[in-house]
Amino acid sequence: MPYIALLMLLLLQQPAAADTVKPASAGGAGTAAAEYLLGPGDVVNISVFGVPELDKSTRVSNSGKIHFPGLGILPVVNLDSGRLEAEIARRLRGAGLVKDPIVRVRVAQRRAQPVYILGEVMMPGQFVINDEMRILDLLTLAAGFNDVASPVGYLYRRKLEEPDPSSPGAPRAATTTDEVVEIDFAALTSGTRPELNLRLRGGDILYVPVSPRYRYFIVGDVNQTGGFEIPASGPILVTEALARAGGPARTAKLSKGILVRVNAAGEREQIPVDFNAILKGRKPDMEVRPNDIIFMPGSSAKTLAYGLLNAIPSTAARLAIIP
């Protein structure tokens, strides 16, 4: 999906509160100036050491260009200060205007650079970068995740394509293409993958989708039959699943439990579960997977439960994943 179309679609899906523009400023100004990419609306001060008549303050035009004395029109969009300094110096030497120019470029005024965080956060919407902002800064400004947020999100942005300096006809300025970067929020927030804390650029969209929720089923001689959600915090064991169903009924046969599971080949497996042995530590507990069905037999419910056992697998695949 094209970048602009995706942005419009995601914005339309947000509540009205998401339209609020929130200014933001995060630390790290020391590296920000060198990496800041120029664009329309920026004001730059340019000076050439020892040649005051070439000193100039100018605003980048809507087409991403500036006018410089003696050199004419220069494209500057997607250049940082250092690259623009080098480009002006190269052109001054090439034109024979200054033999060994020392050029300094300073960004005097930056344009507003919006970034967006959408989806399952407490305060989705638009924020403005005043200095430097990274993904963790944006998550903080959005007040963190809500209780249905996915542990994995996506950063939609324009990818900078650097020109090839060895090619005479190569463009001087970087070009852009759309890219999507997967962000593992769990790894990022735990500090195990600090490289995911990317520095944001104007127009970036961080999208936090809804986490898929999975269910398992319990039927038979338990106090509460039906479907139960597997918590997002981690796996659940069969003894925990039994406890969430209110425990076994008085007539339940704990040593005769069955776990029904559909394997990767689409075939149904029936795995014996001896709850008595598990509770006494003689057998290991078992992890419950999405779509699993736990059957607890008993004298009064056996016939009915086996009927449910045969009926549920055909519908579990449709019901277990909650949109």
Side-chain angles (χ1 to χ4, degrees), residues 119-120 145-154 182-190 192-193 207-323:
E120 304 309 320
F145 305 108
N146 63 26
D147 57 0
V148 297
S150 170
V152 175
Y154 303 93
E182 184 176 284
I183 306 295
D184 185 335
F185 294 125
L188 172 60
T189 55
S190 67
T192 57
R193 294 195 60 191
Y207 178 55
V208 183
V210 175
S211 177
R213 293 177 289 166
Y214 300 95
R215 283 189 172 181
Y216 62 91
F217 299 84
I218 297 185
V219 294
D221 259 20
V222 293
N223 288 309
Q224 182 183 346
T225 61
F228 297 82
E229 185 178 325
I230 296 178
S233 57
I236 187 170
L237 303 176
V238 290
T239 52
E240 298 175 82
L242 180 61
R244 294 181 69 191
R250 184 177 56 83
T251 56
K253 297 181 179 180
L254 291 174
S255 62
K256 302 295 184 180
I258 298 173
L259 186 144
V260 179
R261 175 174 293 164
V262 178
N263 61 26
E267 301 168 341
R268 191 173 74 175
E269 300 177 347
Q270 292 193 183
I271 304 169
V273 181
D274 187 339
F275 284 96
N276 274 328
I278 293 173
L279 293 171
K280 293 176 181 178
R282 296 200 300 265
K283 288 188 177 181
D285 215 336
M286 301 172 59
E287 182 180 329
V288 178
R289 299 178 187 173
N291 300 343
D292 279 356
I293 304 160
I294 301 169
F295 167 57
M296 179 67 70
S299 58
S300 61
K302 182 175 181 179
T303 303
L304 175 60
Y306 267 119
L308 290 172
L309 196 62
N310 290 324
I312 289 180
S314 62
T315 60
R318 297 195 301 271
L319 298 175
I321 301 177
I322 307 170

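The chain is numbered in sequence order, starting from 1.
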Heavy-atom side-chain contact between Phe228 and Val288 under 4.5 Å:
no
Pairing residues for Glu182 by the side-chain hydrogen bond (donor to acceptor under 3.5 Å, both in side chains) criterion, not counting sequence neighbours:
none
Hits for ring-ring contact (aromatic ring centres under 6.0 Å, His included) against Phe145, two or more places apart or cross-chain, chain-then-number order -> Phe185
Does CZ in Arg244 sit with more than 12 non-hydrogen atoms of other residues, nucleotides or ligands closer than 6.0 Å?
yes
Atom CZ in Phe217, atom OG1 in Thr225: separation rounded to 0.5 Å?
11.5 Å
Hey, are the side chains of Ile230 and Pro290 touching, using non-hydrogen atoms and a 4.5 Å cut-off?
yes
How far apart are the C-alpha atoms of Asn291 and Val262, what are their side-chain angles, what is the distance that settles it, and do they pass the side chain to side chain contact (heavy atoms under 4.5 Å, CB included) test?
CA-CA 8 Å; Asn291 300 343; Val262 178; over 6 Å; no
Just jot down the side-chain contact (heavy atoms from CB on, under 4.5 Å) partners of Pro151, sequence neighbours excluded, or say none.
Ser211
Rounded to the nearest 0.5 Å, how far apart are CD1 of Ile183 and OH of Tyr154?
10.5 Å
Can you tell me how far CG of Leu242 sits from CG of Leu279, rounded to the nearest 0.5 angstrom?
7.5 Å
Please name the pair of heavy atoms, one in Ala252 and one in Met296, separated by the smallest distance, quoted to 0.1 Å.
CB-CG, 3.6 Å
Report the residues that fulfil salt bridge (Lys or Arg N to Asp or Glu O under 4.0 Å) with Arg193, sequence neighbours left out, ordered by chain and then residue number.
Glu195
Would you name the heavy atoms of Glu229 and Tyr216 that are closest together and state the gap between them?
O-CE2, 4.2 Å
Could you state the interatomic distance from CG (Asn263) to CZ (Arg268), rounded to the nearest 0.5 Å?
11.5 Å
With Asn276 via side-chain contact (heavy atoms from CB on, under 4.5 Å) - residues at least two apart
Leu254, Ser255, Asp274
Can you tell me how far apart CD1 (Ile294) and CD1 (Ile218) are? Round to the nearest 0.5 Å.
4.5 Å
Who pairs with Asp184 by side-chain contact (heavy atoms from CB on, under 4.5 Å), at least two apart in sequence or on another chain?
Ala186, Ala187, Leu196
Under the salt bridge (Lys or Arg N to Asp or Glu O under 4.0 Å) definition, can you give me all pairs with a residue in residues 255-264, not counting sequence neighbours?
Arg261-Asp292
With rounding to the nearest 0.5 Å, note down the distance linking CG in Asn223 to CZ in Arg250.
11.5 Å
Test of understanding: with side-chain contact (heavy atoms from CB on, under 4.5 Å), list the residues that count as partners of Leu237, not counting sequence neighbours.
Thr239, Glu240, Asp285, Glu287
To check you understand the geometry: which heavy-atom pair defines the closest contact between Asp221 and Gly298, and what is its length?
OD2-CA, 3.3 Å
